[in-house]
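Excluded from the calculations below are hydrogen atoms, water molecules and symmetry mates; all remaining heavy atoms, backbone and side chain alike, are included. Since the model is a prediction, treat every value here as computed from it, not as a measurement.
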Amino acid sequence: MEEKRRFARLKEMWSRLSQNKLAVFGLIVIVLLVIVAIFAPIIAPYGYDEQNLQNAFQSPGNGFLFGTDEFGRDIFSRVVYGTRISLLIGFVAVAIAVVVGVLLGAISGYYGDKVDNVIMRLMDIVLSIPQILLAIAIVAALGNGLFNLMIAVGISSIPQYARIIRASVLSIKDQEFIEAAKAAGSSDFRIIFKHIIPNCLAPIIVQATLGVALAILTAAGLSFIGLGISPPTPEWGSMLSSGRSYIRDYSYMTLFPGLAIVLTIFALNVLGDGLRDALDPKLKK
């Protein structure tokens with residue numbers, strides 16, 4: 001019976017989401033990007049680090065769809081492989097933020113009093129630091145690299161999820177089904193993870209979708225200033241950074257990775273807005 005209700009809710013949510021053309025467009029774009037990331041070695045005609053100085057600075061269309069860079073590397077292949085890196089950073093960083101943020105927010109909202117005060121004051125301290133500056137500080141301390149970049153972006157995003165889940169927990173922890181679970185002898189652990197968190201998933205899903213976009217943008221910004229992915233690994237932000245020296249004569253070197261960032265961020269944002277309206281129609285403007 002419970003499975004039927006869940007299926008009915010999912011069907012209703014999809015029905016509302018499918019009526020939002022922009023959200024459907026965003027979903028299609030994200031699915032295509034995931035497919036590109038998975039099958040990058042098949043889609044890319046060249047290796048991302050395959051150099052041929054004789055082909056340096058080839059304009060788009062001369063045997064190279066997006067042209068070549070200063071080392072003769074195919075920009076299309078690097079953008080394709082960069083999709084894998086950027087999406088990996090976005091999803092893993094958000095996963096770190098969601099797991100830690102949801103745990104802290106649920107504990108804070110459920111127990112309240114001193115526990116709530118301590119956790120929320122810590123979150124306020126982190127929130128008082130601009131996210132990009134906090135990420136820069138963490139990467140500077142840990143060093144460059146894919147893993148460190150994901151940790152930096154993830155840690156800097158934790159307070160957002162902690163505050164969202166705390167607000168949701170405060171709104172439902174005194175409801176009758178929670179009181180019934182307590183009366184039945186359920187442990188706090190079971191109540192939090194079995195009854196409270198599943199009922200707080202809607203705002204988390206929406207925030208996570210938007211958070212992936214912000215994580216990709218933050219990672220690109222860090223790579224652009226030299227604190228992200230080290231060459232020759234392709235990442236859209238680092239490609240923009242290396243191409244800016246040649247932007248006057250070879251603007252395509254920055255155009256295509258820039259368009260990849262813009263398209264991905266736009267798709268994630270419109271999908272997040274669509275999910276918000278589908279999961280809670282009362283919020284629809």
Check your understanding: Does the side chain of Met253 come within less than 4.5 Å of Ile247's, by heavy atoms?
Key -> no

Nearest heavy-atom approach of Ala97 to Ile158 is CA-CG1, 3.9 Å

Rounded to the nearest 0.5 Å, the CD1 atom of Ile197 sits from the OH atom of Tyr110 at a distance of 12.0 Å

When rounded to the nearest 0.5 Å, the distance separating CG of Leu201 from CD1 of Ile196 is 12.5 Å

Per side chain to side chain contact (heavy atoms under 4.5 Å, CB included), Ile216 is matched among Ile265, Ile89, Val94 by Ile265

Residues Arg121 and Asp116 bridged, charged N to O under 4.0 Å | no

Fill in: Min side-chain heavy-atom separation Thr209-Ile30 under 4.5 Å
no

Notebook entry, point to check: Once the angle between the rings of Phe256 and Phe66 is folded into 0 to 90°, is it parallel (under 30°), tilted (30 to 60°) or perpendicular (over 60°)?
Noted result: parallel

Taking the side chain as every heavy atom from C-beta outward, state whether Val139 and Asn144 have any pair of such atoms under 4.5 Å apart. yes

For residues 74-95, the side-chain hydrogen bond (donor to acceptor under 3.5 Å, both in side chains) pairs (sequence neighbours left out) are Asp74-Ser77

In this structure, CD1 of Ile192 is separated from CD1 of Ile178 (nearest 0.5 Å) by 9.5 Å

For this session: Please check if Leu88 and Leu217 belong to a single hydrophobic cluster, counting links between Ile, Leu, Val, Met, Phe, Trp and Tyr side chain heavy atoms closer than 4.5 Å.
Result: yes

In this structure, CD of Gln207 is separated from CD1 of Ile165 (nearest 0.5 Å) by 11.5 Å

In this structure, CG of Leu210 is separated from CD1 of Ile205 (nearest 0.5 Å) by 12.0 Å

In short, side-chain hydrogen bond (donor to acceptor under 3.5 Å, both in side chains) pairs touching residues 236-261 with sequence neighbours left out are none

